[in-house]
Amino acid sequence: MEIQDPNPCRVIGVLDDGIASLNQTALALLRSADVIVGGTRTLALLAPEFKPGAVRHDLTGKLKEVPEWVRAARADHLSCVVLATGDPLCHGIAPYLAQHLCVQALDILPNLSTLQLACARIGLAWQDARIVSVHAKDAGEWQRGSVPAHGLYALAQATRQHARLLVLTSPDNSPDRIARLLLAEGLGDDFLMAVAENLLQPEERVVAELTPQQASEMRFAALNVVLLWRVTPAARPVRFGLADAQFVQRQPEKGLITKQEVRAVSLARLQLRADSVVWDIGAGSGSVGLEAARLCPQGHVYATEKNEADFAIAGQNHANFGVSNYSLFLGKAPEGLDAWPDPDAVFVGGSGGELATLIGGVMSRLRPGGALVMNFVTLENLATATATLQALEGVDWDVLQLQAARSKPILHMHRMAAENPVWIVCARRAEEARDE
C-alpha cells in the first residue's frame with residue numbers, strides 16, 4: 001500500500017482569468033501556502049490571494065532552481081505551491097518536477113489547458129489530435145530540408161502524420177511562421193488554421209478557418225495557441241520499392257539513380273528502423289535516401305551530392321516526395337560529415353575519389369548495430385572498397401553481385417533485357433555481426 005506524503009508540493013494549474021479559474025480546493029491551498037513558485041505573470045495575477053509573509057519565487061529563467069526551492073520548503077515543513085499554466089502535465093512543469101523530485105512528493109491539481117479552450121471556442125473535437133509544442137530556441141524561418149535541431153521540426157513531421165494538430169506557440173515560432181512552414185512544405189491547400197489569442201482575457205480573439213496563405217501575412221498577439229486541421233485526404237504513399245520512373249532523373253540520358261531492384265536489396269541490407277539516422281553519400285537522384293526517409297518516419301536522412309545538376313534533381317524529388325525528415329547538402333564527402341550526427345545506417349552510391357578515406361571515417365562513426373552499404377559498378381571501386389575493409393580491424397563484410405533482367409516487348413512477344421551488374425558491399429563491426 002502506497003504511503004501518502006504528509007506535505008506534498010501542490011502543483012496548481014491556473015488560467016489567465018486568475019481566481020475565476022481556480023476551484024475552492026485549489027484556492028484554499030494557495031491562500032494557505034508558505035512558499036509560492038510561479039512565473040512573473042502568474043505571480044502578479046494571484047498576488048492578492050497570498051497570505052502575509054508568504055515567500056515568492058519567480059521561476060522565469062530559473063527553472064533549474066525550482067526543485068531545490070521545493071526541497072527546501074518541504075525540509076522546513078512549509079506548505080509549497082507551484083503555479084503552472086493550464087494542465088501542468090501537458091507540456092507543463094509537473095513532469096520536470098516529478099523527474100527531479102518524485103511523483104509521491106507532488107499533488108497535481110490540473111486545470112483546463114488553453115488548447116482545450118481553443119478547441120471549445122471553434123467546436124473542434126480534439127480526442128484524436130496531436131499536441132505539439134514549438135517552444136524552442138529561435139532557429140529562424142522553416143526551410144524544406146531543415147535538420148532536427150530546428151524548433152519547428154517536430155511540427156513539420158507531425159503535419160505528415162496527423163490530421164489535427166494543437167500547437168503551443170512561442171513569440172518566435174508564431175502563427176504566421178507556422179503558416180509559412182505549411183507553405184514551404186507544399187501543404188498550403190491541405191490545412192486550415194485557427195488562432196486563439198489572449199484566452200479568458202478582455203481582449204480575447206479567435207480567428208478561425210484561415211488558410212495558411214492568409215495567416216502567413218497576419219500578425220497576432222503574443223499569447224496564442226494554433227489549431228490545424230486537414231481539409232484534404234492525406235496521401236497514402238508507397239513506402240518501399242518505388243519504380244524508377246517515379247523519380248525525376250537526368251535528361252536526355254537517364255542515370256545516377258539506384259535502380260529499383262538494387263535499391264530494394266540495398267535498403268534491406270541497411271536494416272533500417274523507424275528512428276534510424278541515415279547517411280546517403282553520393283545521393284544522385286536521391287532515390288535511396290528518400291525511400292529511407294519514408295521507412296524511418298521518426299528518424300532523419302542526411303544526404304550529400306557533389307554535382308550541382310544532380311543536387312537540383314534530388315531537390316526536385318524531395319519536393320515531390322512529401323517527407324520532412326530529409327536534408328540534402330551540396331558537397332563532396334567526406335567534407336561536411338563531421339556536422340552530422342553519428343549514423344545507424346550509411347549508403348554510399350558515389351564517393352568522388354575519396355572511397356578509402358570515406359569507408360574508414362564511416363566505420364568509426366557507425367552507431368552500435370549500424371550498417372554500411374555501398375554500390376559499385378566498376379571493378380576498380382570494388383577492389384578499393386574490399387581492400388580497405390580487409391585492412392580495417394574488427395569489421396565483417398561481404399559482397400553480393402546483383403544482376404537483374406527486365407522484360408521488354410519485341411513485336412508481339414517479350415524478351416529479357418539484362419541490366420548492368422552491380423556489386424553491393426555490406427560492412428558491420430565484427431562483434432555486432434556475430435551477436436545476431
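Everything numeric in this text was worked out from a predicted model, so none of it was measured. Quick note: numbers below take in every heavy atom, side chains included, and nothing from hydrogens, waters or symmetry partners.
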Point to revise | Audit row: Asp344, Arg273, salt bridge (charged side-chain N to carboxylate O under 4.0 Å, His left out) steps and yes/no | key: CA-CA 9 Å; Asp344 298 295; Arg273 296 173 172 83; over 6 Å; no
Practice item. Determine, step by step, whether Asp172 and Arg177 satisfy the salt bridge (charged side-chain N to carboxylate O under 4.0 Å, His left out) criterion, reporting the C-alpha distance in whole Å, the side-chain angles of both residues, the deciding distance to 0.1 Å, and the verdict. Key: CA-CA 8 Å; Asp172 294 314; Arg177 180 178 282 186; 5.6 Å; no
Exercise for review: Test salt bridge (charged side-chain N to carboxylate O under 4.0 Å, His left out) on Asp342 and Arg365 and set out the steps.
Suggested key: CA-CA 6 Å; Asp342 290 348; Arg365 298 274 307 274; 2.5 Å; yes
Point to revise | Evaluation steps, side chain to side chain donor-acceptor pair (under 3.5 Å), between Asp34 and Ser79 | key: CA-CA 5 Å; Asp34 300 308; Ser79 60; 3.1 Å; yes
Check your understanding: When you look at Thr159 and Glu185, which way does the side chain to side chain donor-acceptor pair (under 3.5 Å) test go after all the steps?
Key -> CA-CA 9 Å; Thr159 61; Glu185 287 294 316; over 6 Å; no
Review point. Could you go step by step and tell me if Leu228 and Val226 meet the side-chain contact (heavy atoms from CB on, under 4.5 Å) rule?
Key: CA-CA 7 Å; Leu228 304 174; Val226 170; 3.8 Å; yes
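With contacts defined as side-chain heavy-atom distances shorter than 4.5 Å, the pair Lys62/Trp69 qualifies. Using a 4.5 Å heavy-atom cutoff, the side chains of Leu267 and Glu291 are in contact. Residues Val37 and Leu83 have side chains not in contact (no heavy-atom distance under 4.5 Å, counting atoms from C-beta outward). Phe376 places none of its side-chain heavy atoms less than 4.5 Å from the side chain of Val422. Proximity of Arg263 to Leu242: side-chain heavy atoms (C-beta onward) are separated by under 4.5 Å at one or more points. Annotation: side chain of Leu168 is not in contact with side chain of Val132 (no heavy-atom distance under 4.5 Å). Val167 is not listed as a side-chain neighbour of Val225, based on a closest heavy-atom distance of 4.5 Å or more. Inter-residue side-chain proximity for Thr304 and Phe311 is flagged as unmet; no heavy-atom pair is nearer than 4.5 Å.
By the neighbour-count criterion of 12 heavy atoms within 6.0 Å, atom CD of Glu203 is densely surrounded, having more than that number from other residues, nucleotides or ligands. Within a 6.0 Å sphere centred on CG of Asp189, other residues, nucleotides and ligands contribute 12 heavy atoms or fewer. Within a 6.0 Å radius of CD in Glu209, other residues, nucleotides and ligands contribute 12 heavy atoms or fewer.
Distance CG/Leu372 to CG/Leu270: 8.5 Å, rounded to 0.5 Å. The NE2 atom of His300 lies 6.5 Å from the CG atom of Asn325; values are rounded to the nearest 0.5 Å.
Looking at Thr357, its side chain never comes within 3.5 Å of a backbone N or O of Glu354 through a donor-acceptor pair. Here the side chain of His150 pairs a donor or acceptor atom with the backbone of Gly140 at under 3.5 angstrom. Listed for the Asp87 side chain is no donor-acceptor partner under 3.5 Å among the backbone atoms of Pro110. With Gln214 contributing its side chain and Thr211 its backbone, the two residues share a donor-acceptor pair below 3.5 Å. The backbone N or O of Gly13 lies less than 3.5 Å from a partner atom in the side chain of Asn111, making a donor-acceptor pair. In terms of modelled atom types and a separation under 3.5 Å, the side chain of Arg121 and the main chain of Val206 share no donor-acceptor contact. In this structure, the side chain of Gln260 engages the main chain of Gly241 through a donor-acceptor pair within 3.5 Å. Proximity of a side-chain donor or acceptor of Arg250 to a complementary backbone N or O of Ser285 within less than 3.5 Å is not detected. One N or O on the side chain of Arg239 and one on the backbone of Arg294 form a donor-acceptor pair closer than 3.5 Å. No donor-acceptor pair under 3.5 Å is formed between the side chain of Ser287 and the backbone N or O of Ile257.
Side chain to side chain, Asn224 and Thr169 meet the donor-acceptor criterion of an N or O pair below 3.5 Å. When only modelled atom types and interatomic distance are considered, Arg160 and Ser324 share a side-chain donor-acceptor pair under 3.5 Å. Remark: the Gln161 side chain and the Gln157 side chain contain no N/O donor-acceptor pair separated by less than 3.5 Å.
Using a 30° and 60° split on the angle between ring planes, Trp279 and Trp340 fall in the perpendicular class, above 60°.
The side-chain tip of Arg31 does not point at the ring of Phe50 from less than 6.0 angstrom away and within 45° of straight on.
The two residues Leu43 and Asp58 have their closest heavy-atom pair at CD1-CA, 3.8 Å. The nearest pair of heavy atoms linking Pro368 to Arg429 is N-NH1, 4.0 Å. In plain terms, the two heavy atoms of Pro48 and Ala44 that are nearest each other are CD-O, 4.3 Å. Closest approach of Gly289 and Asp280 over heavy atoms only: N-OD2, 3.2 Å. Closest heavy-atom contact between Cys296 and Ser276: SG-CB, 3.9 Å. The minimum heavy-atom distance between Arg144 and Gly186, with the atom names listed, is NH2-N, 4.0 Å.
We find that Arg10 and Asp107 are joined by a salt bridge, their nearest charged nitrogen and carboxylate oxygen being less than 4.0 Å apart. By the 4.0 Å N-to-carboxylate-O rule, Arg428 lies too far from Asp398 to be salt-bridged with it.
For the side chain to side chain contact (heavy atoms under 4.5 Å, CB included) criterion with Asp16, the lone passing option out of Leu199, Asn198, Thr42, Leu223 is Leu223.
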